[in-house]
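The structure appears below as structure tokens.
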Amino acid sequence: MAYSEKVMDHFANPRNVGEIENADGIGEVGNSKCGDIMKMYIKVENDIITDVKFKTFGCGAAIATSSMATEMIKGKSINDALKLTNKAVMEALDGLPPVKVHCSVLAEQAIKAAISDYYQKQGIDPEPFVGKVPHCDECGCH
Amino acid sequence: MRNIYADNSATTAIAPSVLEKMMPYLTEVYGNPSSLYRIGSKAKEAVEKSRANIAKNLGAASASEIFFTSGGSESDNWALKGVCHALKAKGKTHIITSKFEHHAILHTCQALEKDGFRVTYLDVYENGIVKPEDVENAICDDTAIVSIMYANNEIGTIQPISEIGAICKKHGVLFHTDAVQAAGFVRINVVEQNIDLLSMTAHKIHGPKGCGLLYVRRGVKIDNLIEGGAQERGRRAGTENVAGIVGLDAALQLAVDTMDERNAKLTKMRDRLIDGLLKIERSRLNGDRIHRLPGNVNMCFEGIEGESLLLKLDLNGISASSGSACTSGSLDPSHVLLAIGLPHEIAHGSMRLSFSDENTEEDIDYILEKVPQIVDYLRAMSPLWEKIKKAENN
């Protein structure tokens, strides 16, 4: 198994690591048993994601996909962020080894979970916009 | 940046003196050992000289009990499948092994289970050591073979091989040990220790890859592995890997000659490293500290994941390995760490460093400087660590 240069770059120099105080939305997916947890924080102004930060417990691909996903939604509208697919994250990283594809799925879900939380905080039912964010206990790892 | 190779349990560099002994058989002495002319008989002579010297170094009664193979996995497969299929007709269909054997043993056992054999997987407890009394209690009338590794490949724990050998002898059951990690670090005497079959390989002890052996005590019934020519007394046919065999012998001889001094040096380095790393908050040593290979350090750091730790170590010039799920190619962390009772979330954060004679105290200094920094860095970005700390404060 070998990572692309882009994956290694995002692993070695992850972008947007950290937390946002008083974040407008926080999403957490994954679980410690499976070995991956991603937590995403977003700041939203006028439907635009003005800031995004992440914290990740996981492998190199988990950290790199988190980093890339945050870069891809920063400055985007919520609608555009919701359109981000795991495939797009993978492509932006010049691919992932097959056993690591689930990391990109997790990154997509983390964004959706953060936006879901944002909607809920606004008193809006997120489901019509975000759909159901699967809980990681349903990921079928164990 | 320093470059530190700390994955000697995975493989080692060929020692220059070993390579030197191999070179003639990679160049001018290229004859087939089965041929009669001089260049062939010279190769044959080298193979048989190596066989005799290896037999002596393992305490075997006769050189004819040493069978050369391609390495540890082949030897393990052959030992179990060969013996079990040979003994099946006698109604011996039970195998005893441990939960934390190498996959070359565990997957062979699973294959044999599909063939109708019954396997008992013994517990290895928190310290990673099989209890001889558990072996004795598991022996049944139909037990064909007991297979317990000499030392574990991940956590380096050394098993009570002599005690288990004595029990097997008492009950008339065959005893195989996978000594791939232990050979060259412990004094092996197959006769005194009642070992009937033993696997080892060259590349873990500064020999070449692709050459190993299976010791089979005279009189042990075992099916042939490869049918063909008369090589390896017809049991494992195929033109011999002459240079590899010479390298295996040279590597084992070197390891035996340097054992005491090297073990003393490595043990000192290992213990200093363990003490230093245990100062890291929420870290633990995996496996017994005393009954342990001199070059093995296996630790867990809570709140971080092993693969990212390895990648960070690599970026700092340190080659290590991990038992995390991500490095095992499956969703589960190492079966060894689970067998000693670690929960999944802790097993994910493991790191194995394994040293050889080529490592130095300066390497240990460097590792002791880098690992705590990397652990801190990864913990700072870990939501799991955040949870652990929060739970601590409540």
Review point. Would you say A/Lys121 has more than 12 foreign heavy atoms packed within less than 6.0 Å of its NZ?
Key: yes
Point to revise | B/Ser308 side chain vs A/Gly58 backbone, donor-acceptor pair below 3.5 Å | key: yes
Review point. Would you say A/Glu5 has more than 12 foreign heavy atoms packed within less than 6.0 Å of its CD?
Key: no
Indicate every side-chain donor-acceptor pair of residues 41-51 of chain A with a distance under 3.5 Å to a residue at least two apart or in another chain.
from, atom 1, to, atom 2, distance (Å)
A/Lys43, NZ, A/Asn22, O, 2.8
A/Thr50, OG1, A/Lys43, O, 3.3

Check your understanding: In terms of heavy-atom proximity below 4.5 Å to chain B, should A/Ala61 be classed as side chain, backbone, both, or neither?
Key -> backbone
Exercise for review: Residue by residue, scan residues 385-394 of chain B and write down, ordered by number, those that have a heavy-atom distance under 4.5 Å to chain A; if none do, write 'none'.
Suggested key: B/Glu386, B/Lys387
Practice item. Measure the spacing between OG of A/Ser32 and CD of B/Glu305 and express it to the nearest 0.5 Å. Key: 12.0 Å
Check your understanding: Hey, are the side chains of A/Met8 and B/Leu311 touching, using non-hydrogen atoms and a 4.5 Å cut-off?
Key -> yes
Study note, to complete from the structure: In this structure, OG of B/Ser382 is separated from NZ of A/Lys39 (nearest 0.5 Å) by 10.5 Å
Review point. Is a side-chain donor or acceptor of B/His344 paired with a backbone partner of A/Gly35 at a separation under 3.5 angstrom?
Key: no
**Study point:** Crowding at CD, B/Gln373 (>12 non-hydrogen neighbours, <6.0 Å)
**Key:** yes
Review point. Rounded to the nearest 0.5 Å, how far does CD1 of B/Ile346 lie from NZ of A/Lys33?
Key: 13.5 Å
**Study point:** Worked verdict on A/Ile63 versus B/Leu378 for side-chain contact (heavy atoms from CB on, under 4.5 Å)
**Key:** CA-CA 10 Å; A/Ile63 290 171; B/Leu378 290 172; 4.2 Å; yes
Exercise for review: Using a 4.5 Å cut-off on heavy atoms from C-beta on, say whether the side chain of B/Glu345 contacts that of A/Phe57.
Suggested key: no
Point to revise | Any B/Glu307 side-chain heavy atom under 4.5 Å of A/Lys100 side chain | key: yes
Study note, to complete from the structure: Looking only at heavy atoms, the pair that brings B/Tyr377 and A/Phe11 closest together is OH-O, 4.4 Å
Revision key, fill the gap. Interatomic distance, NE2@B/His348 vs SG@A/Cys59, rounded to 0.5 Å, equals 10.5 Å
Exercise for review: Please name the pair of heavy atoms, one in A/Pro14 and one in B/Met381, separated by the smallest distance, quoted to 0.1 Å.
Suggested key: CG-CE, 3.7 Å
Check your understanding: In terms of heavy-atom proximity below 4.5 Å to chain A, should B/Leu315 be classed as side chain, backbone, both, or neither?
Key -> side chain
